Amino acid sequence: MTTVLSDVRYGVMVADSNITDSHKVWKCRKVYRINGSLVGMAGNAEEFLPFLVWCRAGMQEDPPKLRSLEALILSAAGLQHYSLSTLPMRIGCGRHAIGSGSMAALAAYEALEFTDPKRAVKIACNHDAGSRGPVRVYKL
């Protein structure tokens, strides 16, 4: 699957580059800059495009139904999490992770005293079979 970690305080979103299906492993971009925000996604890659189209259209309509996609949107207004419920959840603490490596990334980030999000995702890649480098950092 993947690991995407975001922190409002640093204005960053950090992601691995792994994508797999039942037969292949390849590198893929998981964070996109849209309308001044960063959009990071984890889950079924087939759902990436409809979610990105909705974001590019200004997110005025209801979001597309998400079956297996999670998304984080980081903007100047804060951090929001989208999942199966499709209702955005504002992340009050300002940091969150999604994907199969999310718990490892958050634990590593906390152990690093929330100072190095890139290193936290690299550590998660060492412990999550669905995540691997290169790890990329995107800034607002």
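For reference, positions follow the sequence shown, starting with 1. Since the structure is predicted, the reported quantities are computational estimates derived from the model, not experimental observations.
- Listed for the Arg136 side chain is no donor-acceptor partner under 3.5 Å among the backbone atoms of Met13.
- Asp128 meets the side-chain hydrogen bond (donor to acceptor under 3.5 Å, both in side chains) test with Ser100, Ser131; sequence neighbours excluded.
- Hydrophobic side-chain contacts under 4.5 Å tie Leu49 into a cluster, directly or through other members, with Val53.
- The shortest side-chain heavy-atom distance between Leu74 and Tyr138 does not fall under the 4.5 Å cut-off.
- Annotation: cation-pi pair Arg95/Phe114 present, NZ/CZ under 6.0 Å from the ring centroid and within 45° of its normal.
- Looking only at side-chain heavy atoms (C-beta outward), Tyr10 and Leu140 stay at 4.5 Å or farther from each other.
- In this structure, CG on Asp7 lies 8.0 Å from SG on Cys93, to the nearest 0.5 angstrom.
- From His81, atom NE2 reaches atom CD1 of Ile73 across 10.5 Å, with rounding to the nearest 0.5 Å.
- One N or O on the side chain of Ser17 and one on the backbone of Pro134 form a donor-acceptor pair closer than 3.5 Å.
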Task: Residue pair Thr2, Asn18: steps toward the side chain to side chain contact (heavy atoms under 4.5 Å, CB included) verdict - done: CA-CA 6 Å; Thr2 200; Asn18 183 57; over 6 Å; no

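- Remark: side-chain polar atoms of Asn44 are not paired, donor with acceptor, to backbone N or O of Ser68 under 3.5 angstrom.
- Hydrophobic clustering keeps Tyr32 apart from Val137 (ILVMFWY residues linked when any side-chain heavy atoms are closer than 4.5 Å, directly or through intermediates).
- Formation of a donor-acceptor pair under 3.5 Å by the Asp16 side chain with backbone atoms of Arg132 is found in this model.
- Side-chain rings of Tyr82 and Phe51 approach one another, their centers coming within less than 6.0 Å.
- In this structure a side-chain-to-backbone donor-acceptor pair under 3.5 Å is missing from Thr3 to Ala15.
- Closest non-hydrogen pair, Gly40 versus Ile98, comes out as O-CD1, 3.8 Å.
- Listed by chain and number, the residues in a side-chain contact (heavy atoms from CB on, under 4.5 Å) with Asn35 amount to none (sequence neighbours excluded).
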